[in-house]
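One structure is given here, and the rest of the page talks about it.
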Amino acid sequence: MVRTHPPVRTVQPRLRQLAHLIGESREQGARTAPGGGAATARAVRAVFTAAAAAFLLPSGSEAAVRRVWPDGFGAYPNIQAAWNASASGDVIELEDGLFVGPGNANLALNAKSVTVQSVSGDPEACRIDCAAGPIGFSGGAAPRFEGIQFVHAFGCDAKKSDLQFVNCIFEAPYQVAIAIGGTSYQFEQCIIRRGQGLLFGDVEGTFAFSNCEFRDNLDTVASSVAMTFQDCLFTGNTTPDGSAVIDCYYLFFPQATTFSGCRLVDNAAPPIAAFDAFVILDRSLIAASTAPAVDFTVGFSGDVALAITNSTIADMAGGPAIRVRRTWDVLPVNVSLDRTIIAFTEGGAALECIDLAPGNVPSVSCCNLFGNSGGNYVGCLDGQGSGSGNLEVDPRFCSAFDRDYHLQETSPCVLDPTCGQIGAFGVGCLTAGVDPDGLEGDAPGSRWRLRAEPNPFRGEVRVSLVGPRRDQDPAAVGARGMSLQIVDAAGRVVRNLAGEIDASNLEWRWDGRDAAGRRAAAGVYYLRAATGRHPGTGADAPTLRVLRLP
């Protein structure tokens, strides 16, 4: 008879009561027995281990729930023992603590659909140290893990299995998952952080990530044929050799990698690389990272494409925002951009084409390309800026300095009469509102703005903080010694400039050099006025974006 999977909340009350009695007996034995209570504790353990086995072993067709403690107390000394005693549909509950050593690391969990979950539901409190070894699966199993942190994981070596991880953390893993022979992985609300050499996939493996975070990893975090990312965050990731955070490849299998509602922000590596891959980017943000945002290459497969819709690519540094290339002169390159913003790229154009055939140009419609240092509608996009609903105007983000790429109410990308909304986000600033001159500060009853002339600039830029006169705003009295902070696209402070406020404004001049006197590189910089008093400090300080040209 097939066993059913009972939710944790439906476990019989007597099981939880037994676990409670076991815990109380242990504590009481330790307090009362002579010599630290070791003998009494052992006696209590023997009695209740037998009782626990009677309560926890399955009977008839009823699914079993097995409890495992990190110190080996109870009916099952480790996870492997509980797994060996379980059948498909059973539940293994882990008490909080660190599970380590034989039976808890290098697990072999084969041919069973068992749920392993923490009692508390807190993955920071319930951890399995995998000791840099794999967890092995095979034989059509569909296990589920929930509320657990895997430390030093070397991967789940799965063959023809369907694995699910919910609310889990993978801490400092070398590899998280290896898919062999049709394995399917699902990750929901998981965090993968501080890993090295992460690898997902094989030619027959599929991966689905929903509401997951990839944070502060030190190498490529995902590499596979078929991946789906929905509402995921990638931030703080880097690679030692300049490879991409996410590596997509095709290998003649008709599967796609899809990003939907994702954010790839502040990564010290190119976010996405695709070789002979079918890549879809929808309602997603790629910003403030090493360019290109997408490096798309067609090699030997003609049935591949790059499709970007309703997305925002902004403040990329070190190259074009998107690079498209062909390595075999027989195949066409299929690239389409629709209702997408590409703005303020440092060191390159909005889109760069390499070795495309004559007439094989990307399709661009209802897009806004603006402020890209290498040009907007140039190269293979030449001539497309004036048709198909395309724009070349400031998108008026709320605050790129604070990574808020929502749009101001006055943005030309809001409900365009021809195309509707352009970009990943609509109106709804999470930070201070922006007008064409800059960000408003927080001075009560007044308006303060930063202005920069010229912008873009090459030699020197003059920056002014403009506001009401002192006699009109008491908060401005004594607001002297304000500084202007100059920050690059990666968030590094390049220069601090001091200034003195007069009756109506404060002015600085920046010669484009850093604190050591070296010329700052071309690209996007953020200027922020700051003082211990008004107008504005911290996230509310008046802020302005400027573009330094070569």
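Bear in mind that the values here come from a model prediction, so they are computed numbers and not experimental data. Values reported hereafter were calculated over all heavy atoms of this structure, with side chains retained and with hydrogens, waters and symmetry mates removed.
When atom types are taken as modelled, the side chain of Ser411 and the backbone of Glu409 share no donor-acceptor pair closer than 3.5 angstrom. Side chain of Asn217 to main chain of Arg194: a donor-acceptor pair is present (N/O by atom type, distance under 3.5 Å, no hydrogens or angles). Without hydrogens or angle criteria, Glu146 side chain to Thr115 main chain gives no donor-acceptor distance under 3.5 Å. When atom types are taken as modelled, the side chain of Ser118 and the backbone of Pro123 share no donor-acceptor pair closer than 3.5 angstrom. Although no hydrogens or angles enter the test, the distance criterion places a donor-acceptor pair under 3.5 Å between the side chain of Ser289 and the main chain of Ala287. Proximity of a side-chain donor or acceptor of Asp90 to a complementary backbone N or O of Ala64 within less than 3.5 Å is detected. At least one donor-acceptor pair under 3.5 Å links the side chain of Asn310 to the backbone N or O of Gln421. When atom types are taken as modelled, the side chain of Ser120 and the backbone of Asp96 share no donor-acceptor pair closer than 3.5 angstrom. Under the 3.5 Å distance criterion, the side-chain polar atoms of Lys112 are left unmatched by any main-chain donor or acceptor of Ala142.
Ionic pairing of Arg67 and Glu95 is present here: one or more N-O contacts between side-chain nitrogen and carboxylate oxygen are shorter than 4.0 angstrom. A salt bridge is absent between Arg66 and Glu93: the closest approach of a Lys/Arg side-chain nitrogen to an acidic carboxylate oxygen does not fall below 4.0 angstrom.
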Please assess Ile79 against Ile128 for the test side chain to side chain contact (heavy atoms under 4.5 Å, CB included), listing each intermediate value before the final yes or no.
-> CA-CA 10 Å; Ile79 300 172; Ile128 299 175; 3.6 Å; yes
Derivation of the side chain to side chain contact (heavy atoms under 4.5 Å, CB included) call for Cys413 and Ile341 | CA-CA 8 Å; Cys413 300; Ile341 299 172; 3.8 Å; yes
Please lay out, stage by stage, how Gln117 and Val91 fare under the test side chain to side chain contact (heavy atoms under 4.5 Å, CB included).
-> CA-CA 8 Å; Gln117 60 192 17; Val91 177; 3.5 Å; yes
May I have the step-by-step check of side chain to side chain contact (heavy atoms under 4.5 Å, CB included) for Val294 and Leu306, ending in yes or no?
-> CA-CA 9 Å; Val294 183; Leu306 170 64; 4.0 Å; yes
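Between the side chains of Asn237 and Asn267, at least one donor N or O sits under 3.5 Å from an acceptor N or O. Between Arg127 and Gln149, the side chains place no donor N or O within less than 3.5 Å of an acceptor N or O (distance only, hydrogens not considered). Checking Thr239 against Asp219 by side-chain atom types alone, no donor-acceptor pair falls below 3.5 Å. The closest side-chain donor-acceptor pair between Arg283 and Ser311, if any, does not fall under 3.5 angstrom. Looking only at atom types and distance, the side chain of Asp162 has no donor-acceptor partner in the side chain of Tyr185 under 3.5 Å away. Checking Asp266 against Thr235 by side-chain atom types alone, no donor-acceptor pair falls below 3.5 Å.
Cys212-Cys190 SG separation is not under 2.5 Å; the pair is not scored as a disulfide.
Smallest separation of non-hydrogen atoms from Pro395 and Ala343: CG-CB, 4.1 Å. Taking both residues in full, the closest heavy atoms of Cys130 and Ala153 are given as CB-CA, 3.7 Å, listed atom of the first, atom of the second, then distance.
The ring-ring contact (aromatic ring centres under 6.0 Å, His included) search around Phe234 returns Phe214, Phe229, not counting sequence neighbours. Applying the ring-ring contact (aromatic ring centres under 6.0 Å, His included) test to Phe150 and every residue at least two apart in sequence or in another chain returns Phe145, Phe165, Phe170.
Screening Thr312, Ile308, Ile272 against Ile286 for a side chain to side chain contact (heavy atoms under 4.5 Å, CB included) leaves a single residue, Ile272. Under the side-chain hydrogen bond (donor to acceptor under 3.5 Å, both in side chains) test applied with Asp282, the options Thr340, Thr258, Thr309 reduce to a single match, Thr309.
Applying the salt bridge (Lys or Arg N to Asp or Glu O under 4.0 Å) test to every pair with at least one member in residues 316-325, sequence neighbours left out, gives these pairs: Asp295-Arg323, Asp295-Arg325, Arg323-Glu352.
By the neighbour-count criterion of 12 heavy atoms within 6.0 Å, atom CD of Glu124 is densely surrounded, having more than that number from other residues, nucleotides or ligands.
Two residues are said to be in side-chain contact when any heavy atoms from C-beta on lie closer than 4.5 Å; Leu163 and Ser184 fail this criterion. Between Thr238 and Leu218 the shortest side-chain heavy-atom distance falls below 4.5 Å. You'll find the side chain of Ile148 reaches within 4.5 Å of the side chain of Leu94, heavy atoms only. Using a 4.5 Å heavy-atom threshold, the side chains of Met316 and Thr290 count as separate. A heavy-atom distance below 4.5 Å is found between the side chains of Val279 and Phe259. Taking the side chain as every heavy atom from C-beta outward, Asp129 and Phe99 never approach each other to under 4.5 Å. Contact annotation: the side chain of Glu171 approaches that of Arg193 to within less than 4.5 Å [non-hydrogen atoms, C-beta and beyond]. Within the 4.5 Å cutoff, no side-chain heavy atoms of Phe296 are placed close to those of Ile322.
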